[in-house]
Asker: 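Mind having a look at this structure? Questions to follow.
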Amino acid sequence: KNYLTVDGKALEQKGSGTSLNPDQISDFIEGLSKYLTNVKAVPDSENEFTATVDVKKLLSDSKAGDNLSKLSIPGLGSGQKLAEQVGNADITVTIDAEGYAQIIDIDLPITANGSQGGVRANIELSDIDQPVTIEEPTNVVSSASELGGLGAAIAGQ
């Protein structure tokens with residue numbers, strides 16, 4: 001199941017095409033490099049960097065059939081629809097001892113249905129190729145209106 005979570009409340013996203021799969025996330029991470037500007041090391045850190053990502057261009061450049069073109073974010077729609085709603089994202093990447101991205105924090109401004117807001121994502125990569133247990137949210141609501149103004153706008157209510 002997929003959930004849209006706003007302020008500790010979760011709404012189940014029903015319908016097909018709403019899942020993010022590992023290939024989509026992998027392609028997104030690989031595709032970031034050619035859309036980065038303002039790449040800087042975080043002061044007093046040996047393994048943390050910040051950058052700006054042109055997400056609109058990244059999504060617009062995706063080709064039919066690749067995982068980014070098939071990307072669907074619960075409550076926001078397809079990657080191509082999302083490209084019409086996004087701005088530049090600020091990211092922070094923490095690199096592990098082997099030189100791989102371990103933690104990626106993304107702040108992405110979004111304008112949806114006339115409302116401005118954003119999505120903050122934290123992608124933490126660990127235990128690669130190991131089983132993962134994902135727990136269902138505990139505060140599941142039955143209507144997008146219970147998510148507040150921005151949550152309802154993103155969910156299309």
Asker: Rounded to the nearest 0.5 Å, how far apart are CD of E48 and NZ of K40?
Answerer: 14.5 Å
Asker: Whether the side chain of N38 engages the backbone of A51 through a donor-acceptor N/O pair (distance < 3.5 Å, no angle test) should be reported.
Answerer: no
Asker: Testing the basics here: between L36 and V53, what is the closest heavy-atom pair and its distance to 0.1 Å?
Answerer: CD2-CG2, 3.4 Å
Asker: Less than 4.5 Å apart, any side-chain heavy atom of D105 and any of I91?
Answerer: no
Asker: Is there a path of hydrophobic side-chain contacts, each under 4.5 Å between heavy atoms, that joins I123 and V93?
Answerer: yes
Asker: Decide yes or no on side-chain contact (heavy atoms from CB on, under 4.5 Å) for Q102 and L125, but give the supporting numbers first.
Answerer: CA-CA 5 Å; Q102 181 178 20; L125 306 172; 5.6 Å; no
Asker: For the atom pair CG (L108) and CZ (R120), what is the distance rounded to the nearest 0.5 Å?
Answerer: 11.0 Å
Asker: Within a strict 4.5 Å, meaning less than it, do heavy atoms of the T52 and D90 side chains meet?
Answerer: yes
Asker: Taking a hydrophobic cluster as the set of Ile, Leu, Val, Met, Phe, Trp and Tyr residues connected by side-chain heavy atoms closer than 4.5 Å, whether directly or through intermediates, do I104 and V42 fall within one such cluster?
Answerer: no
Asker: Mind checking whether I103 and I95 sit in one hydrophobic cluster, side chains of I, L, V, M, F, W, Y counted as touching below 4.5 Å?
Answerer: no
Asker: Once salt bridge (charged side-chain N to carboxylate O under 4.0 Å, His left out) is applied, what residue pairs with a partner in residues 133-144 remain, sequence neighbours excluded?
Answerer: none
Asker: So which atom in A89 and which in P109 form the shortest heavy-atom distance, rounded to 0.1 Å?
Answerer: CA-CD, 4.5 Å
